[in-house]
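Structure record follows, encoded as structure tokens.
Throughout, numbering of the chain's residues begins at 1 and tracks the sequence.
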Amino acid sequence: MIHHYTTIDNLALILESKRIRFTRLDLLDDIQEIKGLDHQILKLDKSIFVSSWTEDNEENIPLWKMYASITNGIRITMPQDMFQKHLISAFAENNHGMTIDMYSPFTKEETFYNGKYLIINSFVNSDANFYKNVEYINNFADKYKSLIQESENGVTIGCIWDLGRYKSKKWEFQKEVRFTIYTKTLNPIFKNSPMKQYDAANIGQWFENSDKYIDVPLSDEAFKNMTITLAPCVTDAQRIIVKSLIHTYGLHNEFKESDLRDTIRK
């Protein structure tokens, strides 16, 4: 099981939408994280979207305070395999296609024909392509630069799935795991003719993704079995609000009290 720290307000939005929000990499709290990814051609810092979690079952006081607050927060606990699965069968069009079947949290239309961007994750090997442990290293920007090579033939990426994996050791206390969505923004001129976006002259161009978020739908089973832990210092009124949300959206589990409830002063 994995855990996500957030506010009661955000919990209400998650329950109403039955979706988890992924945020564009350049908008995350670590403003240094995009170093080495802010490539002037590839726009990688504006092409990767992240949802941050932790596998650490022990409650983390810094995460409570930074992302949830100890007075108005909750921790969501979910299985790693929490998202919907749509079968996208192999197909071939005259200018693009897919050689294997795959299951994806997105439909074929959402993946290929949303008119804005292509989702390039394969979702076949989720550990590499979608879900990964963040690695905390020194000089992580140099690591990214070593993966992105420029030559007279253009720009190549050593392993695209490693982009968005590395952070400075200063953030090691987070013990973060993350889901990562990789996009390639297509030529906006042809947004009303998505098939045209895959023509050779268009697919080779690079544009930054103007969307700030991608909301990904949860499976019904994962949604219903979500576990919610209250922050250490929630009030009785907030406890009532969370209880009401749980009952309104038909979750199977009642909320849990924090293990730190008697150790932190408001």
Going through the checks in order, is the ring-ring contact (aromatic ring centres under 6.0 Å, His included) test met by Phe91 and His96?
CA-CA 9 Å; Phe91 70 97; His96 67 285; 5.8 Å; yes
Between Lys116 and Asp211 (salt bridge meaning N to carboxylate O under 4.0 Å), is one present in this structure?
yes
Between [X] and [Y], does any side-chain donor sit less than 3.5 Å from a side-chain acceptor?
X	Y	result
His3	Thr77	yes
Asn60	Tyr5	no
Glu59	Ser258	yes
Ser52	Glu176	yes
Asp199	Asn95	yes
Asn72	Thr7	no
Glu254	His247	yes

Does the ring of [Y] carry [X] above it, NZ/CZ under 6.0 angstrom from centre and within 45° of its axis?
X	Y	answer
Lys167	Tyr136	no
Lys108	Tyr113	no
Lys184	Trp206	yes

State whether the side chain of [X] and the backbone N or O of [Y] hold a donor-acceptor pair below 3.5 Å, judged by distance alone.
X	Y	result
Gln197	Asn187	yes
Arg19	Asp215	yes
Asn225	Glu221	yes
Asp236	Arg239	no
Arg261	Val234	no
Ser17	Leu13	yes
Asp56	Lys175	no
Ser244	Ile240	no
Ser193	Met195	no
Asn138	Ser168	no

Any heavy-atom pair between the side chains of [Y] and [X] that's under 4.5 Å?
X	Y	value
Ser47	Asp45	no
Leu118	Thr183	no
Phe130	Thr180	no
Leu44	Glu208	no
Glu135	Asp162	no
Leu28	Thr23	yes
Leu251	Phe223	yes
Phe190	Asn202	yes

[X] atom [atom1]: more than 12 heavy-atom contacts under 6.0 Å:
X	atom1	result
Lys256	NZ	no
Ile31	CD1	no
Glu58	CD	no

What are the two closest heavy atoms between [X] and [Y], and how far apart are they?
X	Y	result
Ala231	Ile70	CB-O, 3.4 Å
Trp64	Thr229	CH2-O, 3.6 Å
Asn253	Met226	ND2-O, 3.4 Å
Asn57	Met1	OD1-O, 4.2 Å
Asp26	Arg24	OD1-NE, 2.6 Å
Phe83	Pro105	CB-CB, 4.0 Å

Between Phe49 and Phe179, does the ring centroid distance fall short of 6.0 Å?
no
Using side chain to side chain contact (heavy atoms under 4.5 Å, CB included), reason through Ile2 and Tyr131 one step at a time and then give a plain yes or no.
CA-CA 11 Å; Ile2 58 177; Tyr131 181 83; 3.3 Å; yes
Side chain to side chain contact (heavy atoms under 4.5 Å, CB included) between Ile20 and Ile14: does it pass, once the steps are laid out?
CA-CA 6 Å; Ile20 296 296; Ile14 290 169; 4.1 Å; yes
Between [atom1] of [X] and [atom2] of [Y], what distance do you get to the nearest 0.5 Å?
X	Y	atom1	atom2	answer
Asn121	Ser104	CG	OG	8.0 Å
Ile119	Ile214	CD1	CD1	5.5 Å
Leu230	Thr71	CG	OG1	12.0 Å
Asn10	Ile8	CG	CD1	10.5 Å
Leu25	Ile181	CG	CD1	12.5 Å
Leu11	Glu16	CG	CD	11.5 Å

If two hydrophobic side chains count as joined below 4.5 Å and joins carry through other members, does [X] share a cluster with [Y]?
X	Y	result
Ile189	Phe207	no
Met66	Val134	yes
Leu260	Phe173	yes

Between Lys170 and Glu33, is a salt bridge (Lys or Arg N to Asp or Glu O under 4.0 Å) present by the stated rule, with each step listed?
CA-CA 11 Å; Lys170 296 176 182 178; Glu33 185 173 351; over 6 Å; no
Carefully, step by step, assess Phe22 and Tyr213 under the rule side chain to side chain contact (heavy atoms under 4.5 Å, CB included).
CA-CA 5 Å; Phe22 286 57; Tyr213 310 103; over 6 Å; no
Parallel, tilted or perpendicular for Phe112 and Tyr198, by the 30°/60° rule?
tilted
Geometric class of the Trp161/Tyr182 ring pair [parallel <30°, tilted 30-60°, perpendicular >60°]
perpendicular
Among His4, Gln174, Arg75, which residue satisfies the side chain to side chain donor-acceptor pair (under 3.5 Å) criterion with Tyr67?
Gln174
Should Ile228 and Ile246 be marked as a side chain to side chain contact (heavy atoms under 4.5 Å, CB included) after you check the CA-CA gap, both sets of side-chain angles, and the distance that decides it?
CA-CA 9 Å; Ile228 297 168; Ile246 288 171; 3.9 Å; yes
